[in-house]
Amino acid sequence: MESELNKRSKYANIPNILSFLRLAMVPAFIILFFRADSLYWAGLVYALAGVTDILDGAIARKTGSITKLGRIIDPLADKLMQVSAFTCMAVARIIPAWVILILAAKEGIQLLGGWLLLRRLHDVPPSNKYGKAASAVFYFITIAVIVFDMPHILQVCLLGGALLLSLAALLVYAQVAGRYIREKGAAPDENARAVSEDTRVISDDARAVSDDARVISDDTRGD
């Protein structure tokens, strides 16, 4: 009984609560984006989501309360918030549709990689500093585009830059995942080789998406 209570308390910690709170902010952001009189309210919710993203990681590392649940729910909340924000801006014609397509492809690749690791190793690597830095820049630029009135070309350039940084973080994540597989050493050799191959494929797909993003960005500047 006591061990079960300890297990529950382990997962009901502050970082995970903050991550679930960020998940709850996703529908709030969408509603405010389309129904509020001003985009400032949607920008405020997005800013609060960014603050919870910074706090949950900092608290988890400082208190040693990093859990498997947190490793899953934290990036999931980030991805849903980012994709929701970009989708809303694309629907409102603030940004071109190709931006959300590239972001969706990137997030899909990373989610697929996380699912493969979770299925084969029953765990995923924690977020790294490069991914957190990319998320922070992503949040900051998105808030600026939502809240401030700026030329359309500047909006596209800023968000395109944030997207390229996010793709670079994906490549780093693929390398970290490969190293994590080797260090984990918990799966049979055959499964480990399969996961390594999956990671290589995901890394190749990420590079392809990054190349497509650069080509589209160059074409946009040329236009």
Side-chain angles (χ1 to χ4, degrees), residues 4-33 41-89 100 103-144 146 162-163 165-170 172-174 176-177 180 184 202 206:
E4 180 65 23
L5 290 175
N6 289 337
K7 183 178 180 180
R8 290 181 181 178
S9 63
K10 176 182 178 182
Y11 285 91
N13 56 50
I14 294 177
N16 289 345
I17 292 174
L18 290 173
S19 294
F20 279 113
L21 178 61
R22 191 158 66 258
L23 273 176
M25 290 181 184
V26 173
F29 170 83
I30 296 173
I31 293 172
L32 290 173
F33 188 93
W41 293 109
L44 177 60
V45 171
Y46 200 85
L48 290 175
V51 171
T52 63
D53 183 33
I54 295 173
L55 287 178
D56 65 10
I59 294 173
R61 288 187 294 270
K62 188 172 183 178
T63 62
S65 55
I66 299 176
T67 63
K68 289 184 180 180
L69 176 61
R71 293 179 183 181
I72 297 171
I73 199 69
D74 176 39
L76 178 62
D78 290 342
K79 295 178 192 320
L80 286 176
M81 181 59 76
Q82 291 173 2
V83 171
S84 296
F86 267 53
T87 302
C88 289
M89 288 188 288
I100 184 62
L103 178 64
K106 176 261 179 186
E107 299 299 353
I109 291 170
Q110 192 162 351
L111 285 174
L112 174 61
W115 176 78
L116 289 171
L117 288 173
L118 187 64
R119 184 170 67 92
R120 295 180 182 273
L121 300 181
H122 308 292
D123 199 1
V124 292
S127 300
N128 59 80
K129 60 182 179 181
Y130 301 103
K132 283 296 183 182
S135 294
V137 173
F138 208 98
Y139 273 107
F140 179 79
I141 291 178
T142 304
I143 292 169
I146 291 174
L163 187 58
L165 182 60
S166 183
L167 290 171
L170 173 60
V172 174
Y173 178 83
V176 171
Y180 182 77
K184 184 79 172 176
I202 292 169

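Every heavy atom of this structure was used, including side-chain atoms; hydrogens, water molecules and symmetry mates were not.
Every side-chain contact (heavy atoms from CB on, under 4.5 Å) that Ile30 has, sequence neighbours left out, goes to Val26, Phe34, Ser84, Cys88.
Using a 4.5 Å heavy-atom cutoff, the side chains of Leu48 and Thr52 are not in contact. Using a 4.5 Å heavy-atom cutoff, the side chains of Thr142 and Phe86 are in contact.
Between Gln82 and Tyr139, the shortest heavy-atom distance links the atoms NE2-CE1, 4.4 Å. The shortest heavy-atom contact between Ala77 and Ser19 is CB-O, 3.7 Å. Across every non-hydrogen atom of Ile143 and Gly43, the tightest pair is CG1-O, 4.3 Å.
Interatomic distance, Met81 CE to Leu76 CG, rounded to the nearest 0.5 Å: 11.5 Å. Going from atom NZ of Lys62 over to atom CG of Leu55 covers 11.5 Å, rounded to the nearest 0.5 Å. With values rounded to the nearest 0.5 angstrom, Tyr46 atom OH is found 14.5 Å from Leu32 atom CG. Taking CD1 of Ile73 as the reference point, atom CG of Leu23 lies at 4.5 Å (rounded to 0.5 Å). Annotation: the span from Trp41 atom CH2 to Ile146 atom CD1 amounts to 15.0 Å, rounded to 0.5 Å.
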Candidate pair Arg22 and Leu80, rule side-chain contact (heavy atoms from CB on, under 4.5 Å), full reasoning: CA-CA 9 Å; Arg22 191 158 66 258; Leu80 286 176; over 6 Å; no
Go through the steps for Asp56 and Asp53 under the test side-chain contact (heavy atoms from CB on, under 4.5 Å), then give the verdict. CA-CA 6 Å; Asp56 65 10; Asp53 183 33; 4.1 Å; yes
